[in-house]
2 protein chains.
Amino acid sequence: MSRTPQDVTDAELAVLQVLWELRTATVRELTERLYPEGTSALNATVQKLLERLEAKKCVKRNRKTWPHQFSAAVAREVLIARQLQTTANKLCQGEIHPLLTTLVKARGLSAKDRQSLRGLLDELDREKK
Amino acid sequence: MSRTPQDVTDAELAVLQVLWELRTATVRELTERLYPEGTSALNATVQKLLERLEAKKCVKRNRKTWPHQFSAAVAREVLIARQLQTTANKLCQGEIHPLLTTLVKARGLSAKDRQSLRGLLDELDREKK
DNA sequence: TGAGTTTCAGACATGGCGTCTGTAGATTGT
DNA sequence: ACAATCTACAGACGCCATGTCTGAAACTCA
C-alpha cells in the first residue's frame, strides 16, 4: 500500500489562494503576504512552492518581466472538482451521486440554497433533454 | 506551514472497506483479504492499522472473543461527509454550496440522478418548511 | 563596476505512514 | 502438563512527501 502524494499540498494551496486574490504577484509579494513575520529565507521557500506548482501546471510564470510575475493557472473550481473526484474514487468507486446526497442531507442548506440548486437542475434538464 | 495528518489514511481505509463488507472480521481474515499473496508479517501490519483505527474511533474491537473480532465504528457516509467538509474548509472557507454546484455541473449526472435529487430537496422543503 | 535584488539547483530536516521484529499471553491436541 | 501454534501488543525501522534553508549564479540599476 504505497502512499499517494497529494496533487496540491497545504503550503502550495496557501500560495494559490493569494494568487487567486491578487491575480498576479511576485515572489516577494507572496512571501510578505504568507509570512508577514518571516525571515528572508522564506523567499526561497515560496520560490520552491511556485516551482512545484508550475511543474503541476497550477501556476503560470512570466519570465519576460523582472522579477518574474506569477499567476494561477487553475481556477479554484477546477481544484474543487478534482478533489471531489478523488473523494468519490476513494469512498464511492468513483460515483459522485453519493457525494451529492450526503451534501444535501448535511446541515447548512438554506431554502435559498435549495432554490438555486433546483435552478441548476432545471438548466441541466433543458440542456440534455 | 505544518503538515496536517490525514484522519484516515489509505491503508487504513482499505481495512475499513473490508469491514464494511464483512460487518465483522478477525485480523487473519482481514490480512488474507487485503494481502492474498502476503507473508505472515503482514498480520502485524493489519493489527497496527486496526490499532490506529481504534484510536481514531473508526473501529470497534470485541476483546471477549478469541481471536478478537473487529467491526467498523463509522459508516461510509460519515467519512464521506467528513471528507467533504475538509474540502470545503480548504477551498471554500467552509461553505458547502460551492461543492454542490461543482458536482451538479460535473458530467455524469443522469436524468434519474437529477430526479432523485429533486426528491431529496422536496423532502427538505417539507421538513424545514 | 559595485550594491542589492532575484533565480535556481540542490541539500536538509521533520514527521507521517506502511511495514516488520520480537516477546508475552492464549488456545488446542495429546 | 507440555509442546506446538496462534494471537496480541509494544516498539522500532525505513521510505519518502513536504516544508525549509544554503549558496552561488544571473540580472538590474546607479
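Quick note on labels: first sequence line is chain A, next is B, and so on, each numbered from 1. What you are looking at is a predicted structure, and each value in this text was computed from that prediction instead of being measured.
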Decide whether [X] and [Y] meet the rule of one side-chain donor and one side-chain acceptor closer than 3.5 Å.
X: A:His97; Y: B:Ser116; value: yes
X: B:Gln85; Y: B:Asn89; value: yes
X: A:Gln17; Y: A:Arg76; value: yes

Between [atom2] of [N] and [atom1] of [X], the distance in whole Å:
X: B:Glu54; N: D:dC9; atom1: CD; atom2: C1'; answer: 12 Å
X: B:Asp10; N: D:dC15; atom1: CG; atom2: P; answer: 20 Å
X: A:Leu13; N: D:dG19; atom1: CG; atom2: P; answer: 10 Å
X: B:Arg61; N: D:dA8; atom1: CZ; atom2: P; answer: 7 Å
X: B:Leu49; N: D:dA8; atom1: CG; atom2: P; answer: 14 Å
X: A:Met1; N: D:dC15; atom1: CE; atom2: P; answer: 19 Å
X: B:Glu32; N: D:dC6; atom1: CD; atom2: P; answer: 12 Å
X: A:Arg63; N: D:dC27; atom1: CZ; atom2: C1'; answer: 14 Å

(message) Reading DNA chain C from 5' onward, which residue's closest nucleotide shows up sooner: B:Ala11 or A:Arg28?
(response) A:Arg28
Looking at [N], I'd like to know if its phosphate oxygens (OP1 or OP2) sit under 4.0 Å from a side-chain N or O belonging to [X].
X: B:His68; N: D:dA8; answer: yes
X: A:Arg3; N: D:dC15; answer: no
X: A:Thr9; N: D:dG19; answer: yes
X: B:Gln47; N: D:dT7; answer: no

(message) At 4.0 Å (heavy atoms only), tell me whether A:Ala44 reaches a base, stays on the sugar-phosphate, or touches nothing.
(response) base
(request) Pick base, sugar-phosphate or nothing for B:Asn43, based on heavy-atom distances below 4.0 Å to the nucleic acid. (result) nothing
(message) Quick check against the 3.5 Å criterion: does B:Glu95 have a side-chain atom that pairs as donor or acceptor with the backbone of B:Cys92?
(response) no
(message) Measuring from the side chain of B:Arg52 (C-beta onward, heavy atoms only), which nucleotide among D:dA12, D:dT20, D:dC9 has the closest atom?
(response) D:dA12
(message) If you assign A:Thr4 and A:Lys48 each to the DNA chain D nucleotide with the nearest heavy atom, which residue ends up on the more 5' nucleotide?
(response) A:Thr4
(message) I want to confirm an ordering. Mapping A:Thr45 and A:Trp66 to their closest nucleotides on DNA chain D, which one lands closer to the 5' end?
(response) A:Thr45
(request) Would you please classify the geometry between the A:Phe70 ring and the A:His68 ring as parallel, tilted or perpendicular, with 30° and 60° separating the classes? (result) tilted
(request) Please list, in 5' to 3' order, the outermost nucleotides of DNA chain C lying under 4.0 Å from any heavy atom of chain B. (result) C:dT14 to C:dT27
(request) May I ask you to say whether A:Lys56 pairs ionically with A:Asp7, meaning some side-chain N is under 4.0 Å from a carboxylate O? (result) no
(request) Output yes when B:Asp125 and A:Arg114 qualify as a salt bridge under the 4.0 Å nitrogen-oxygen rule, no when they do not. (result) yes
(request) Considering non-hydrogen atoms only, spot the tightest contact between A:Pro67 and A:Thr26 and give its length. (result) CG-CG2, 4.0 Å
